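Letters A, B, ... are given to chains in the order of the sequence lines, protein chains preceding strands, and every chain is numbered from 1. This structure is a prediction, so every number in the text was calculated from the model and none was measured.
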Amino acid sequence: MSLLQVDAVYGGYGAADILHGADLAVEPGQIVVIVGPNGAGKSTLMKAAFGLAKVRKGRVAFEGREITNLRPDQIVRLGMSYVPQEHNVFPSLSVQENLEMGAYLRRDAGVARQMEMVFEIFPRLAERRRQAAGSMSGGERQMVAMGRALMVEPKLMLLDEPTAGLSPLFAEQTFDRIRDINRRGIAILMVEQNAKQALAIADQGYVLAMGRNRHGGPGRELLADPEIGELFLGG
Amino acid sequence: MVLADYLQLLSYGIILGSILTLGAIGVSLIFGILGFAHFAHGDLMAVGAYAALTVVVGLNWPIWAAFPFALAATAVVSLVIDQTLYRRLRRTAPVILLISSFGMALILRSVIQLVWGSQDRVYESGIQLPILIGGVAIRPNHIIIVGGSIVLVALLHVFLRHTRMGKAMRAMSDNVDLARISGIDTERVIIWTWILGGALAAAAGIFLAMETRLHPTMGWHMLLPIFAAAILGGIGRPYGAIAGGMVIGIAQEMSTAFWSPAYKPAIAFGLMVLMLIIRPTGLVGARR
């Protein structure tokens, strides 16, 4: 049974559909990457899975349980968390408070343990735990955002363009951190503009165009496919 | 005028500033969490003041004993208004909520007038003898107002900084969507926002009535300086509201040394407009 299964989803935000029958599956422990041209509906597909975009037709299931059009706060309880591309930290809250908000649903002793794990992955956050998230650099904010999403101990973490706007060095580090998180048993589903770098670490990749799947397969196979390279990865 | 006169005006300014601060914190919290300007906030202050009067007259209790009762009653009134009216409008444009709150302001004021009449009332008649400190006359009520405000603001600070709900409130004020996807129960945060906003408004209303008198329009007349204070501090930021309240209060009272007291609202309005032009994000930092 797949961790996340998206079947023939149609939908979007308003009257006109952005997704036209998109499919997706994430197996436990995998890194799955969605790539494709601008306006292909990559982010919308991920948002539809998390209840942030409307699914008009089709089905979304998490661990075999149907979650189509549930609210995000209901979905996060099941063990799936989401990092938006922008506005993904609480700027006036300290780093530690941001992490606490990620664990808002939990009242058990595991919260402190989970925070230690986040600080292990992002040692910089431990140094700056009292600093307001709004006063940090873009790369550091991305760490806070990912740390917040890790606090619920998710089985699957969704990342919307985690390296957008970051310098090549920070982008590289972010991919390293994502692999680190994945090694701890957390499955990753992400949308990325840096398609080559992302596919290089992906167990499974999907190429989306015009709201439906065009190609799918292990990340390295997609990278090696000359047609995909030419059409979607800029040669 | 001599120095003592200016100090006297400063003391009045601090008293008015304390009252404005308590009102402005509520306006700022509600704007931050719910995203609309709550025009009935001044009249919620009046509800608090009259709730206290009901206990003072009805049970013959002293005002300090009526105080917690009035805070609780006003918190309940705020919550009922939210759950019966504003909650149904949450998905509409903020301007619809704003206009609805304007209507609610009229309703509250009329109900107060129906029940208590439109004449001036006081909690206790008679004159309080002032104490002279360095040429500045201070009445016992003044100490209660300023001291009470400091205690309430300190309690609010502890709540916002150190409780789970307080932090969730600040988080939601920063970013509602992110709060929702973090699993924060936003309806619960809204309920607590009204409880706090209502209770602080009641305290402001009671302090205002102690300093002046009770009248059904007492709160309505405070709405402009309260909004000026909230905007000066950067609306949506409760800590800014404290600074804003003090600046507006002191500026209004000090201005009477130079201009007729009739211009006091103009001072508040002028400062608000000036602030919107030169630093629209408010005194306390910029929102990122």
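Applying the 6.0 Å contact sphere to CH2 of B:Trp192 captures no more than 12 heavy atoms from other residues, nucleotides or ligands. Within a 6.0 Å sphere centred on CZ of A:Arg179, heavy atoms belonging to other residues, nucleotides or ligands number 12 at most. Shown here is B:Phe102, whose CZ atom has no more than 12 heavy atoms of other residues, nucleotides or ligands within 6.0 Å. Around atom CZ of B:Phe269, no more than 12 heavy atoms belonging to other residues, nucleotides or ligands sit under 6.0 Å away. Taking a 6.0 Å sphere around CZ of B:Arg88, one finds it holds 12 or fewer heavy atoms contributed by other residues, nucleotides or ligands. Within 6.0 Å of CZ on A:Arg184 lie more than 12 heavy atoms contributed by other residues, nucleotides or ligands.
A:Tyr104 and B:Ser182 get closest at one heavy-atom pair: CB-O, 4.5 Å. In this structure, A:Leu93 and B:Asp174 approach most closely via the heavy-atom pair N-OD2, 3.7 Å.
In this structure, OG on A:Ser94 lies 7.5 Å from NZ on B:Lys167, to the nearest 0.5 angstrom. Taking CG of B:Asn175 as the start and CG of A:Asn98 as the end, the distance is 10.0 Å to the nearest 0.5 Å. One finds the NE2 atom of B:His162 at 9.0 Å from the CD atom of A:Glu97 (value rounded to the nearest 0.5 Å). Here CZ of B:Arg170 is found 8.0 Å from CE of A:Met101. Values are rounded to the nearest 0.5 Å.
Neither the backbone nor the side chain of A:Ile75 comes within less than 4.5 Å of any heavy atom of chain B. When heavy atoms are compared at a cutoff of 4.5 Å, A:Ser92 approaches chain B by way of both its backbone and its side chain.
Shown are A:Val76, A:Leu52, A:Val83, A:Asn88; of these, the side-chain contact (heavy atoms from CB on, under 4.5 Å) with B:Ile181 is made only by A:Leu52.
When atom types are taken as modelled, the side chain of A:Arg77 and the backbone of B:Gly183 share no donor-acceptor pair closer than 3.5 angstrom.
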